[in-house]
Amino acid sequence: MAQTPPGSGPVAAGGLLEQLDPEQRAVAEALHGPVCVLAGAGTGKTRAITYRIAYGVATGEYIPSQVLAVTFTQRAAGEMRGRLRQLGAGGVQARTFHAAALRQLQYFWPKAVGGPNPQLIDSKIPLVSEAVRRLRLHAERAELRDLAGEIEWAKSTQVVADDYAGAAAKALRTPPRDAAEVAKVYAEYESAKRDRNAIDFEDVLLLTIGIMEDRPDIAATVRNQYRYFTVDEYQDVNPLQQRLLDCWLGDRADVCVVGDASQTIYSFTGADPRYLLDFADRFDDPTMVKLVRDYRSTPQVVALANALLDRAEGRAAKARVQLIAQRADGPRPKFAEHPDAETEAREVAREIKKLVDAGVRLSEIAVLYRINAQSEEYEQAFSDVGVPYILRGVERFFERPEVREAIQVWLRGAAKARSDNASDALPGLGAGGPGKDEGEAEGESLASEVRAIFSSHGWTPLAPKGAGRLRDRWESLAALVSLAEEYGRTHPDAGLDRFSAELRERADAQHAPTVEGVTLSTFHAAKGLEWDAVFLVGMTEGMMPITYAETPEQIEEERRLLYVGVTRARERLFLSWALARSPGGRASRSPSRFLDGLRGGVGRDHREGAAGAVIRGGGAGRRRGSGSSADTEDRPRRIVEPITCRVCHRSLIDAAERKIGRCETCPSDLDPELFEALREWRSGQAKKQKLPAYCVFTDATLTAIGESCPATPAALTRIAGVGKAKADRYGEEVLGIIAGSQPGAGPQADTDTGR
Ligand code: ATP
Ligand code: MG
């Protein structure tokens, strides 16, 4: 069916209906009373409600200024306003819940409360920080953000500070710190806010609700102004927003909601699809409409979306609608397995170039990933081959505060300290840095230095628990470590200074402004949008579902997120994953469980499955063999000496694990007192020699020493990261500390460190 041409004049009512299918038309014609549209992705929900409003205006049933259309993002509200204008309903208000409430609050404040309007804060962080200070606690910036996120969740679900701990446990949340402490911060935050006559985003809704509940005269004025309400993406409404909607409605029922429970992806911020699913229980005789025709995607994409939901579980899954494709056939979705993430990004860039050559516009292509930190690989791959891109929803990788700080302050500072101290550097360290320790895997020296520098700023090799800003920050820094690994491998002689310069060059290359470009976005930020070609990348266990999704409910939310991603594609869909994080790294990853049975035999776990064309990871220039097999055997491997985990005796390939001499996941037998003693000794040495501590020994090496407790200089030398020069220089003191830590028994014999 044809789209309505742009224009702002009145549109004939009949002409509007002609552009809808029978069910959509039923929605448009149900101008009064409660209406609920439960429908799958791409079935024209947004189109149906937009046309419904335009139809109401065209028939004279609606006075435009009495209609309020609510959406969840400013972008969606802006798009809705644009579409309404094109359909001749420009006078209708289309706003977010927040923007609509704020307008009303500002208008009624003088009458309802009096005195100066409270100041709206656009970020909770400064006041959360103040609350933390008042409580004499300490929290880093990333943690402050996570605390702010927790307070937002609590307020959105109408949980007060006193009830926070219980409610968080019930909702299976992972608080950023002890729940009782979060509750205290929450309470203190509220009081700091009151002291300043400030209000936050949730307060805007709470106060508007409060005023309407306390003042029947004001409620009557608001209800007189707005008579018809429409909510898009209703599956994402949270309890606070629902209460506001109830207030606006009063005892009336002129409300139309549309949503898809299978696209609920904001449960973690308090969204609850039950409002959508139970709509029929809350109103008498509602008009209920199901839309099942998918106008957006080809049958091939729709088949994959349907198959994905076949295995979904839980309440939302029961309400799912089987999509019926309307469009002509298109290419089958492609699945591709790659040896490492860098190759994956390069292959995606290559595929995009092919699409562009075939006439697809850049703005009709999107690359979607699970977390923001994944963007860097693609920003780089696109910069390398000159594909312009646009980042949606976040700063570019090199503009993120933690990345800028790491490059401009930490790494640069360390490089400078190094060159200042070059003259009295240790034998074997040289002016360029500590050099490659004996026993270190190729490329590890630079990476371990970077890890050590980050560690001294609180970064840990293991990811923090849970989602949130702290996790994002960790991921960004992990991405830099991964770059260091790669750079160290390809430039074995490079030190920190060259690596820092390389990062600055990359940052400059990626800062080039672009107009038309490929969209790079997270799955979350892609909601409601569509492109001709969509690449879903990083489809591995740990990313999709994300590692911190642990409960069955959290796993189901991840599946829905993938469903949102799949259903963004009009014609071409590409799903890919990489078995290792960086080139030559351990192939420790496996394809997402959600793709089991769907990926047409691509990947290690061969299963019978749905239709899907097969392409295999390129790894151009890196692969051995002809690539005739889909398994991992023909992937390149660095030749590394066998080192086995001293706990489980598995062969270790990952450089970091080789260094500590055990699997990251195997239990550490490190004696904390011994480790502390070793650290203290190291910092004394570092001070004495005016060197950064990691130049003496990195954290990883110190851990390996503490865990394996060598008793002889020979055993110490064999530990990765020690080497002969350092063993000669420090051996006596280190062995003395170890011996001293084990009174009576004496140091552990020169036993198996796996080497
Ligand atoms: P989502 O669940 O992703 O938000 P949606 O259900 O809101 O999707 P829309 O964005 O309204 O779907 O529509 C999807 C695509 O299908 C749009 O390009 C829209 O123009 C087109 N479309 C919807 N209905 C029709 C129709 N009756 N005739 C032609 N095209 C249609
Ligand atoms: Mg929509």
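Atoms within a ligand are numbered from 1 in the order they appear, just like the ligands themselves. Basis for what follows: all heavy atoms, side chains included, without hydrogens, waters or symmetry-related copies.
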Exercise. Would Arg361 and Glu364 pass as an ion pair if we require N to O under 4.0 Å?
Worked result: no

Exercise. Can a salt bridge be assigned to the pair Asp532 and Arg570 using a cut-off of 4.0 Å between side-chain N and carboxylate O?
Worked result: yes

For this session: Just do the side chain to side chain contact (heavy atoms under 4.5 Å, CB included) check on Asp254 and Gln66 with the steps written out, would you?
Result: CA-CA 11 Å; Asp254 282 321; Gln66 292 184 340; over 6 Å; no

For this session: Using distance alone, decide if ligand 1 has a nitrogen or oxygen within less than 3.5 Å of any nitrogen or oxygen in Gly528.
Result: no

Exercise. For ligand 1, which atoms, with element, lie under 4.0 Å from some heavy atom of Arg568?
Worked result: 3 (O)

For this session: Return the orientation label for the Tyr389 and Phe382 ring planes: parallel under 30°, perpendicular over 60°, tilted otherwise.
Result: tilted

For this session: Determine whether any heavy atom of Gly42 lies closer than 4.0 Å to an atom of ligand 1.
Result: yes

Problem set entry | Those atoms of ligand 1 less than 4.0 Å from some heavy atom in Gly40 | 6 (O)

Exercise. Can you list the ligand 1 atoms lying under 4.0 Å from a non-hydrogen atom of Gln19?
Worked result: 27 (N)

For this session: State, yes or no, whether a side-chain contact exists between Arg296 and Arg327 at a heavy-atom distance under 4.5 Å.
Result: no

Exercise. Is a side-chain donor-acceptor pair under 3.5 Å present for Glu571 with Trp531?
Worked result: no

For this session: Would you indicate which of Arg296, Arg327, Glu530, Glu18 comes nearest to atom 3 (O) of ligand 1 when only heavy atoms are counted?
Result: Arg296

For this session: Check whether any N or O atom of Gly44, backbone or side chain, sits under 3.5 Å from an N or O atom of ligand 1, and answer yes or no.
Result: yes

For this session: Could you list which atoms of ligand 1 come closer than 4.0 Å to a heavy atom of Gln263?
Result: 2 (O)

Problem set entry | Plane angle bin for Trp248 and Phe229 - parallel if under 30°, tilted between 30 and 60°, otherwise perpendicular | parallel

Seminar exercise, completed: Within 4.0 Å of some non-hydrogen atom of Thr43, the atoms of ligand 1 are 6 (O), 12 (O)

Seminar exercise, completed: Under 4.0 Å from one or more heavy atoms of Lys45, ligand 1 contributes atoms 1 (P), 2 (O), 5 (P), 6 (O), 7 (O), 8 (O), 11 (O), 12 (O)

